[in-house]
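Below: one structure, written as structure tokens.
Hydrogens, waters and symmetry mates are skipped; everything else that's a heavy atom, side chains included, is used. Sequence lines set the chain letters: A, B, ... in the order given, protein chains first and strands last, and positions in each chain run from 1.
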Amino acid sequence: MLRLYDTATAKVRPLALRRPGAASLYVCGPTVYDAPHLGHGRFALVFDVLRRYLVASGLEVTYVSNITDVDDKVIERARQEGVEPGELARRYEETWWAAMDALGVLRPDHVPHATAYVARMVEVVGELVQRGVAYEIPDGVYLSTEAVPGYGLLARQPLDTLRAGARVEAVEAKRSPLDFVLWKKAKPGEPTWPSPWGPGRPGWHTECVVMSLDLLGEGFDLHGGAIDLIFPHHENERAQAVALGRDFAHHWVHNGWVTVAGEKMSKSLGNFTSLDDLLARGDPRAYRLLVLRAHYRSPIEVTPETVGQAEAGLARLDELARRFHLADPLAVGDPVAVVGEADDEDLDREAVARFVERMDDDLDTPGALSGVFELVREANAAADAGRATDAARTARTVAHLAAVLGLPLRGVRSAVEDPEVLDLVARRDAARAERRFADADALRTELVRLGWVVEDGPEGTRVRRP
RNA sequence: GGCGGCGUGGCCGAGUGGUUGAGGCAGGGGCCUGCAAAGCCCUUUACCCGGGUUCGAUUCCCGGCGCCGCCUCCA
């Protein structure tokens, strides 16, 4: 069974499923006010792999990830661009899904939008007021953090030390600086919804509580997001659930930062790096491989060099797929149940078991991947030694394990149709057959100049794109 | 000020109280190849510093140095 680090207990512990055989996950999605950056890509990939692995383990997985389509940043950005907030959000949501598709991230089973849940949020805020844990002041409704037992659990910091660090807030009417807004009363020009406290809009933290409980029910298995969401976002989600007396997430999982030049990547630091730029640069699978080569809780450094290294590793996997004519064992949208099918004679069961053991250990993708690369070497070595059956089985195992990680291998050589290239290849084969090697070399030079990789095999000249 | 993380070979990045230091990338040598490419084999004096615990620490403890993060919107 999968063991994962749980932020709430600061321990690696088994994912204790609410219902055996089924896993329910809620992962905080993006606020759609700008194009996604590398950090968004990482969290999406990390939880995509977690999800795929759970599916591969034979579990029935329900994966929910939201879209925050109304908040200060959306409104501000829309104002700058002179468009309606809703239109802006729709536009960046499209950008988001395009990037996710490029990365091979599976669509969530449910994608709740904050704007579609406002009425439910109003109900919840009303319930919190009724229970006496929330209070109304002139600019909105706030949750009283002091009324919540165990506030600070996720931050792993007691309430008083959190408060000691809090800066003076603009809203001085708050009872405590840590109290957070549940309902923001409308300011001119902002989108609004009706409520008992007048027109306004919900605070950020409420949507995830309402939507996760609505779609997954109480006591769902796992709540995830990037490390920066621990405090205050997840802390405040939990606070509301506790205040409501609802059983909330049983396991909290957070992934580490993407750093650029050693620093956290963020817009305010000016080192923001666009995910689209990276994806346009080369094979999107390289970023997945780069992300998976580090443990999900470690920071990863993204530089042209580390991306290049990932691309080289990917090329090694693809080369194996080419050598063994491995068709993609699955489409990107198709998680594969490798782990549970222990009777599959076409795979190296021991290698699969090692893979599972590593993945079960807090999603040790670097370890799992190292095993996959060992198999690559084994398969090639076996083939070199003439043990074709063993080699093919090992190679198939590579393809299947890579597929569990969401990395389809490109083993299919796309047919070359360019008559000029075909002519050069044919002339080169002829030259080699007649041992006119100077001519053959010249023809290879020409093919390389046209951007092809040239490989000679027993069956003649082969060309492919790099 | 409070809380937390990290410091491994040219680079990325796992991991462990003790014979043989994952894996990838890069470099070197070799095999194969007409030559290449790909592949395979071999290879390049790793664990920030100082104490401590221990028969033995890179791996545990303490201190120091350095880097990073959270405490405020943030993936």
Side-chain angles (χ1 to χ4, degrees), chain A residues 10 27-31 33-34 36-44 46-47 71-73 76 152 155-158 160-170 177-178 204 224-233 235 254-259 262-269 275 289-290 293-295 297-303 305-317 319-320 322-323 358 361 364-374 376-385 432 435-438 440-441 444-445 448 453-458 461-464:
Chain A
V27 175
C28 284
T31 300
Y33 71 103
D34 203 347
H37 60 227
L38 299 182
H40 291 106
R42 185 182 190 186
F43 99 75
V46 164
F47 288 101
D71 93 329
D72 292 349
K73 293 190 294 295
E76 176 55 30
R156 303 202 65 74
Q157 238 179 299
D160 54 340
T161 67
L162 276 171
R163 187 195 289 162
R167 296 177 188 175
V168 178
E169 299 257 349
L178 290 173
W204 178 34
I227 193 169
D228 59 320
L229 294 181
I230 293 173
F231 192 93
H233 185 53
E235 188 76 54
H254 297 94
N255 67 277
W257 291 112
V258 172
T259 61
E263 290 188 323
K264 166 186 165 180
M265 181 186 61
S266 74
K267 288 191 172 183
S268 57
L269 291 172
L275 185 57
L289 186 59
L290 175 56
R293 287 198 331 182
H295 186 80
R297 288 191 280 120
S298 301
I300 58 169
E301 177 82 2
V302 179
T303 65
E305 187 179 8
T306 59
V307 173
Q309 290 178 354
E311 285 171 341
L314 194 58
R316 185 165 160 77
L317 293 173
E319 182 57 37
L320 182 87
R322 265 193 295 277
R323 180 173 189 178
R358 283 160 169 167
D361 179 15
D364 177 15
T365 55
L369 225 33
S370 79
V372 170
F373 276 99
E374 282 174 357
V376 171
R377 179 165 41 74
E378 281 176 28
N380 280 316
D384 286 353
R432 291 185 68 225
R435 304 189 69 79
R436 287 184 285 108
F437 295 123
D441 288 349
R444 174 168 57 203
T445 302
V448 169
V453 173
V454 179
E455 295 175 329
D456 298 329
T461 293
R462 302 181 305 174
V463 294
R464 62 180 171 88

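Rounded to the nearest Å, the gap between the C1' atom of B:C32 and that of B:G39 is 9 Å. Taking atom P in both B:G2 and B:U72, the straight-line distance is 16 Å, to the nearest Å. When the C1' atom is used for both B:G13 and B:C6, the distance is 13 Å, rounded to whole Å. Rounded to the nearest Å, the gap between the C1' atom of B:U19 and that of B:C55 is 16 Å. The same atom, P, is picked in B:C11 and in B:U45; the two are 14 Å apart, to the nearest Å. Using atom P as the reference point in both B:G4 and B:C62, the two lie 12 Å apart (nearest Å). Of the C1' atoms belonging to B:U58 and B:U16, the separation is 9 Å, rounded to the nearest Å. Using atom P as the reference point in both B:C60 and B:G17, the two lie 8 Å apart (nearest Å).
If you check B:A22, B:A38, B:G34 against the side chain of A:Glu374, the one that comes closest is B:A22. Checked against B:A75, B:C73, B:A37, the side chain of A:Glu455 finds its nearest nucleotide in B:A37. When the nucleotides B:A75, B:A22, B:G24 are ranked by their closest atom to the side chain of A:Arg293, B:G24 comes out on top. Closest to the A:Ser298 side chain, of the nucleotides B:A14, B:C12, B:U72, is B:A14. Comparing B:A14, B:U72, B:A22 by their nearest atom to the side chain of A:Asp364 picks out B:A14. Of the candidate nucleotides B:G13, B:C35, B:C25, B:C35 has the atom nearest to the side chain of A:Arg432. Distance from the side chain of A:Ala381 is smallest for B:C40 among the nucleotides B:C40, B:G69, B:U72. You'll find that the side chain of A:Asp441 is closest to B:C35, out of B:C35, B:G13, B:C73. Out of B:A14, B:G69, B:C25, the shortest distance to the side chain of A:Arg316 is found at B:C25. The side chain of A:Ala440 sits closest to B:G34 out of B:C73, B:A75, B:G34.
For the atom pair CZ of A:Arg293 and CG of A:Leu369, the computed distance is 8.0 Å after rounding to the nearest 0.5 Å. The OG1 atom of A:Thr365 sits 7.5 Å away from the NE2 atom of A:His295 when rounded to the nearest 0.5 Å. Taking CG of A:Asn255 as the start and CZ of A:Phe47 as the end, the distance is 5.0 Å to the nearest 0.5 Å.
B:A26 atom P lies 11 Å from atom CD of A:Glu305, rounded to whole Å. Rounded to an integer number of Å, the gap from A:Ile227 CD1 to B:C68 C1' is 11 Å. At whole-Å resolution of the value, CG in A:Leu178 and C1' in B:C71 are 9 Å apart. For A:Glu301 and B:G7, the CD to P distance is 14 Å, given to the nearest whole Å. Distance CZ (A:Arg464) to P (B:A38): 8 Å, rounded to an integer number of Å. Atoms CZ (A:Arg377) and P (B:G23) sit 6 Å apart, rounded to a whole Å. Atom-to-atom, CZ of A:Arg462 to C1' of B:A37 comes out at 9 Å; the value is rounded to the nearest Å. Following rounding to the nearest Å, A:Leu289 (CG) and B:A14 (P) show an atom-to-atom distance of 13 Å.
At the heavy-atom level, A:Asp456 lies under 4.0 Å from base atoms of the strands shown. Among the protein residues, A:Arg42 comes within range of no part of the nucleic acid, since none of its heavy atoms lies under 4.0 Å from any strand. Counting non-hydrogen atoms under 4.0 angstrom, A:His295 reaches the backbone sugars and phosphates but no base.
Using N1 to N3 plus N6-O4 or O6-N4 for Watson-Crick, or N1-O2 and O6-N3 for G-U wobble, each under 3.5 Å, B:A37 pairs with nothing. In this structure, B:C60 and B:G52 make a Watson-Crick or G-U wobble pair, each of the two defining distances being under 3.5 angstrom. In this structure, B:G27 forms a base pair with B:U43, meeting either the Watson-Crick or the G-U wobble geometry with both donor-acceptor distances under 3.5 Å. Pair assignment for B:G66 gives B:C6, based on Watson-Crick or G-U wobble hydrogen-bonding distances that are each under 3.5 Å. Figure legend. B:G17 is base-paired to no nucleotide; pairs are counted as Watson-Crick or G-U wobble with both atom distances under 3.5 Å.
Residue A:Arg297 has no polar side-chain atom (N or O) positioned under 4.0 Å from OP1 or OP2 of B:A14.
Between A:Phe437 and B:G34, a base-stacking contact is recorded: ring centres under 5.5 Å apart, planes less than 30° from parallel.
Side-chain N/O atoms of A:Arg444 and base N/O atoms of B:C35 include a donor-acceptor pair closer than 3.5 Å. Put simply, the side chain of A:Gln309 and the base of B:G24 share a donor and an acceptor less than 3.5 Å apart. Scanning atom types as modelled, no donor and acceptor separated by under 3.5 angstrom connect the side chain of A:Asp228 and the base of B:G69. Interface remark: the A:His37 side chain does form a donor-acceptor pair with the B:A75 base, using a distance-only criterion of under 3.5 Å.
Annotation: of the two residues near RNA chain B, A:Phe231 and A:Asn380, the 5′-most nearest-nucleotide partner is A:Asn380. Toward the 5′ end of RNA chain B lies the nearest nucleotide of A:Gly371, the other residue of the pair A:Gly371 and A:Gly256 mapping further downstream.
Residues A:Asp361 and A:Arg358 are not paired through a salt bridge, judged by the lack of any N-O separation under 4.0 Å between the basic side chain and the carboxylate. Between A:Arg464 and A:Glu319 there is a salt bridge, since at least one side-chain N of the basic residue sits less than 4.0 Å from a carboxylate O of the acidic one.
Panel note: side chain A:Thr259, backbone A:Ile300; a donor-acceptor pair is recorded below 3.5 Å.
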